[in-house]
Amino acid sequence: MLGLGVAMAAITFGAVSAQAETILKASHQFPGGKGDIRDEMVQLIAKEVEAANVDLKIQVFPGSSLYKPNDQWNALTRGLLDLTSFPLDYASGRHPEFSATLMPGLVGNFDRAMRLNDSPFMADIKKIIEDQGAMVISDAWLSGAFASKKNCITSPDTIKGQVIRAAGPAFEEMLAEAGASIASMPSSEIYSGMQTGVLDAANTSSASFVSYRLFEQAKCLTAPGENALWFMYEPVLLSKQTYDKLTPEQQKALLAAGEKAEAFFNEEVRKGDQVMIDAYKNAGVEVVEMSKSDYDAWLEIAKQSAYKKFAEKVEGGDKLIEKALAVE
């Protein structure tokens, strides 16, 4: 009988231990295990959290396998999703201020992007995120490019007549002003759009240009180069409802993992543009860059379209842009 009692106690203890482990769900739209830096950030967070031995585990669902790209913000802020790597501009329909995180020419390079992270501009953006029930645990800015099945996109006149996928309303407004037609879709749908003829061209992050294998559809790639018009904020976000339910030890482990993922990102992301360029050249795609005069011409169009409309339509939009431009 004693042996049975000990055995029963062991079974009961095992059940309690199993129940004590908290399992979080992380979702993102990017290909899993294909070298996409956003997937690698989330996987690193999961690995670090498990190694911390605080009875916390993260299950990662890449490739839109748990939530569709545009559904993640609502799920996260409602506490239905725990963690996501998320292009913040995807939620600009609900919070138009987020369009400032994908505004043509606003960032320019990775060094300035890192300075923006701790600026009054990003403090305003993060306050909106937090007020809606989420929190940033890893900052991430990605540079981006243009690609076309027709011709190289350099000066504004080279986009005329093309149907392009533009990430976010600010780029859509600028490109439409230059004579393009716009087709809106997540980056995960660009390949099929170009393959079926729905799209002539696209702009998205350098990472997406590689991980989605868009070189199989493109004739010419316009790399960021020294005149990077496209930068997008794609942080790792955590549900505040989830965070508040964790133990102090689990909270500490998760935040530490987020910091480590951000450090990893900042070290690796600068290599991404060259990885993209090499992949496209190896696939026989022509690779060009915008000249300073091309960049300036685009920026002038952006100021008369995207910047102007943002200031007019978004409460405090002009002040928000001023804060971003004030960062040296």
Subject >> Verify same cluster id: Met114, Phe110 (apolar side-chain graph, 4.5 Å) >> reply: no
**OP:** Flag the pair Lys34 and Asp36 as a salt bridge only when some basic side-chain nitrogen lies within less than 4.0 angstrom of an acidic carboxylate oxygen.
**Re:** no
Original post:
Between Tyr307 and Leu299, is a side-chain contact (heavy atoms from CB on, under 4.5 Å) present by the stated rule, with each step listed?
Top reply: CA-CA 10 Å; Tyr307 281 57; Leu299 195 57; 4.0 Å; yes
Subject >> Single-linkage hydrophobic cluster, 4.5 Å side-chain cutoff, Val236 and Leu44 together >> reply: yes
Original post:
How many angstroms lie between atom CG of Asn203 and atom CE of Met174, to the nearest 0.5 angstrom?
Top reply: 7.0 Å
Subject >> Salt-bridge criterion met for Asp296 and Lys292 (N-O under 4.0 Å) >> reply: yes
Original post:
Would the number of heavy atoms belonging to other residues, nucleotides or ligands and lying under 6.0 Å from CD of Glu268 be above 12?
Top reply: yes
**OP:** Look at the rings of Tyr212 and Phe30 and say which category their plane angle falls in: under 30° parallel, 30 to 60° tilted, over 60° perpendicular.
**Re:** tilted
Original post:
Got a donor-acceptor contact below 3.5 angstrom from the Asn109 side chain to the Arg112 backbone?
Top reply: yes
**OP:** May I have the step-by-step check of side-chain contact (heavy atoms from CB on, under 4.5 Å) for Ser205 and Trp230, ending in yes or no?
**Re:** CA-CA 8 Å; Ser205 69; Trp230 197 105; 3.8 Å; yes
Subject >> Check: Tyr90 side chain, Asn70 main-chain N or O, donor-acceptor pair, under 3.5 Å >> reply: no
Original post:
Are there more than 12 heavy atoms of other residues, nucleotides or ligands under 6.0 Å from atom NZ of Lys149?
Top reply: yes
Subject >> Nearest-0.5 Å distance that lies between atom NZ in Lys47 and atom NZ in Lys260 >> reply: 8.0 Å
Subject >> Arg270 bridged to Asp111 by N-O distance under 4.0 Å >> reply: yes
Subject >> Asp39 (side chain) donor-acceptor with Gly33 (main chain) under 3.5 angstrom >> reply: yes
**OP:** For Arg115, check salt bridge (charged side-chain N to carboxylate O under 4.0 Å, His left out) against everything at least two apart and list the hits.
**Re:** none
Original post:
Can Val60 and His28 be said to form a side-chain contact (heavy atoms from CB on, under 4.5 Å), step by step?
Top reply: CA-CA 8 Å; Val60 182; His28 65 73; 4.2 Å; yes
Original post:
Same cluster for Ile125 and Leu325 if Ile/Leu/Val/Met/Phe/Trp/Tyr side chains link at under 4.5 Å?
Top reply: yes
Original post:
Can you tell me if Gln72 and Ser27 form a side-chain donor-acceptor pair at under 3.5 Å?
Top reply: yes
Subject >> Qualifying ring-ring contact (aromatic ring centres under 6.0 Å, His included) pairs with a residue from residues 138-168, counting only residues at least two apart or across chains >> reply: Trp141-Tyr233
**OP:** May I ask you to decide if Arg78's main-chain N or O and Gln241's side chain share a donor-acceptor pair within less than 3.5 Å?
**Re:** yes
Original post:
How far does OG of Ser206 sit from NZ of Lys271, to the nearest 0.5 angstrom?
Top reply: 15.0 Å
**OP:** Give me the one residue out of Glu21, Gln250, Gln251, Glu249 that meets side-chain contact (heavy atoms from CB on, under 4.5 Å) with Leu56.
**Re:** Gln250
Subject >> Distance-only donor-acceptor check, side chains Thr77 and Arg94, under 3.5 Å >> reply: no
Subject >> Asn227 side chain to Met290 backbone, donor-acceptor under 3.5 Å >> reply: yes
Original post:
Can a salt bridge be assigned to the pair Lys309 and Glu312 using a cut-off of 4.0 Å between side-chain N and carboxylate O?
Top reply: no
Subject >> Minimum-distance pair of heavy atoms, taken over all atoms of Asp89 and Ser99 >> reply: OD1-CA, 2.9 Å
**OP:** Nearest 0.5 Å please: distance from the CG atom of Leu237 over to the NZ atom of Lys126.
**Re:** 10.0 Å
**OP:** Go through Asp273 and Phe209 one step at a time and tell me if the side-chain contact (heavy atoms from CB on, under 4.5 Å) criterion holds.
**Re:** CA-CA 10 Å; Asp273 289 348; Phe209 266 115; over 6 Å; no
**OP:** Not counting sequence neighbours, which residues clear ring pair (Phe, Tyr, Trp, His ring centres under 6.0 Å) with Trp73? List them please.
**Re:** His95, Phe98
Original post:
Within the side chain of Tyr67, is there an N or O that forms a donor-acceptor pair under 3.5 Å with the backbone of Thr84?
Top reply: no
Subject >> Test item: Ser138 side-chain N/O and Gly258 main-chain N/O as donor-acceptor pair under 3.5 Å >> reply: yes
Original post:
Looking only at heavy atoms, which two atoms of Pro224 and Gly144 are closest? And how far apart?
Top reply: CG-O, 3.1 Å
Subject >> Contact summary for Pro69 and Gln29, nearest pair of heavy atoms >> reply: CB-OE1, 3.3 Å
Original post:
For the atom pair CG (Leu102) and CG (Leu88), what is the distance rounded to the nearest 0.5 Å?
Top reply: 10.0 Å
Original post:
Under 3.5 Å, is there a donor-acceptor pair linking the side chains of Tyr295 and Glu226?
Top reply: no
Subject >> Between CG on residue Leu254 and CD1 on residue Ile58, distance to nearest 0.5 Å >> reply: 5.5 Å
